[in-house]
Amino acid sequence: MLQTRTRRRAWIAGLATVVMAGAGFALSTQFANAQQSTLRSGADALGIDIGVAVNDSLLQNDSTYRNTIATQFNSVTAENGMKMEAVQPSQGSFNFSQGDRLIAFAQENDMSVHGHTLVWHNQSPGWVQNLSGEALRQAMEDHITTTMNHWEGDVATWDVVNEVVGDSNGQLRDSFWLRGLGEGYIQQAFEYARAADPSADLYMNDYSIDGINAKSDTYYQMAQDLVSQNLLDGMGFQAHLILGQVPGNMEQNLQRFADLGLKVRITELDVRIQMPASQQELEQQAEDFRRVVDICTNIADCSGVTVWGLRDGDSWVPDVFEGYGAPLLYNDDYTTKPAYDAVLEVLGGTPPDDDTTPPDDTTPPPTGDGDCTAVIDVVNDWGSGWQGNVLITAGDSAVSGWTLNWTWPSGQSISSSWNADISSSGSSVTASDVGWNANIAAGQTMNAWGFVGSGASASPQVTCTAG
Ligand code: 9MR
């Protein structure tokens, strides 16, 4: 059954399916206000995907999980079920059951499927990691061809290669694929994928390439090369982010890939918080989600945003980043978080509370133009570079905007930044707020923005001007 590459907008049809399938799930108030109250209706109206990574066992066993996803999202990605170790656990023996289940669910609910992933160094079975040379090349070709043929027309977009660039200097990742096949394996993978399903959009996908940096520069060069051979259709930016660290040049970065004629897509969005998360941090997280989704809606060729899991408790984050958690849109009891409301608003919806009169004790936003001070806090230093976070403290009255100035003592420079507008002239730097982080209450300190610096770390004196 062939699915076109165009976006699905059949919201009403999808909703009807959910109503019928949604026995036991109390949706009545949401349905009463359906056009305003789901992520999916907003994304459909904008013609973009709002996606979620799906856990196969929850999909099978938890009807609230299924119904929430069908109601709120128009796109799904298998969190693990389409990876090589799941699909081809032993050579030549394919198991499509998890992916088939997800596709059936997607089709019942008129959702698109983003395929993840064909060639990756992780979650690849042991047998393939022990091959090299011609045997490895043949195995890669067979895996891509058989998998894509099986789901031809059902999977609209594929992460053909995942995380093929390493974490330092923008070099290709030292993986068994690279060691066994040499640098040409990436292009080969795209050639096999294009031949296997010419109707699918083909993507590269990685983390820490959300801003402009050495790693995203490497992808930019690879993308130019693959586009010139008509082998690449899209670029996936995972966006596994840390609270308050949406890269300042993320939109510019995605736009440069879009300018190559590619779709861009935020593929695995989450924003992790050091636990326990305070209310203020959850509000900050909402602003981070808002910003990322806003970037996608600002770029004509952004095909959508996928969040990497539904509820905080479903997330991979606490297992990998000790002490961090709460990175998603939903609490474990399926109630929504401030980040959900923020995403809904960017997609043009109205969070339920917006329909009610604000409580009398709503604190008005600070409007003052008081004095402020700022310091650069060196939070990491790895010799060739360092990370600085900038803490701004308001004086006796509130601050409603800020501009910082300083001079580097010995040739430092900023190679990437988040949450501030920066301009530099020689060793002088000016940084100002980006709107949402303009307001600081009297006497409060905000961890307002940050950057990666090159050269030796430094904490020069910073002048802070409010207003
Ligand atoms: O969320 C996935 C988790 O359940 C797996 O254990 C893990 C194994 O590496 O992969 C996670 O998903 C990853 C995705 O496939 C690729 N980008 C990074 C994601 C988080 O690790």
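Atoms within each ligand, like the ligands themselves, are counted from 1 in listed order.
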Side chain to side chain donor-acceptor pair (under 3.5 Å) contacts in which one or both residues fall within residues 51-60, not counting sequence neighbours |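 Found D56-Q60, D56-R101.
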Give the ring-plane orientation class for W177 versus Y185, where under 30° counts as parallel, over 60° as perpendicular and anything between as tilted.
->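 Judged by the thresholds at 30° and 60°, the geometry between W177 and Y185 is parallel.
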Could you pull out all residues at least two apart from Y203 that satisfy ring-ring contact (aromatic ring centres under 6.0 Å, His included)?
->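 In terms of ring-ring contact (aromatic ring centres under 6.0 Å, His included), with neighbours along the sequence ignored, Y203 is linked to H114.
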F289 to A339 - nearest heavy-atom pair and separation |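 Where F289 meets A339 most closely, the heavy atoms are CD1-CB, 3.6 Å.
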Cation over ring, R272 on F321, under 6.0 Å and within 45°?
->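 Yes, R272 and F321 form such a contact.
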Run through ligand 1 for me and note each protein residue having a heavy atom under 4.0 Å from it, chain first, then residue number.
->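 Ligand 1 pocket, heavy atoms under 4.0 Å: E79, N80, K83, H116, W120, N122, Q123, N162, E163, Q238, H240, E268, W308, W316.
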Not counting sequence neighbours, which residues clear side-chain contact (heavy atoms from CB on, under 4.5 Å) with Q279? List them please.
->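 Q279: side-chain contact (heavy atoms from CB on, under 4.5 Å) contacts with L282, E283, P338.
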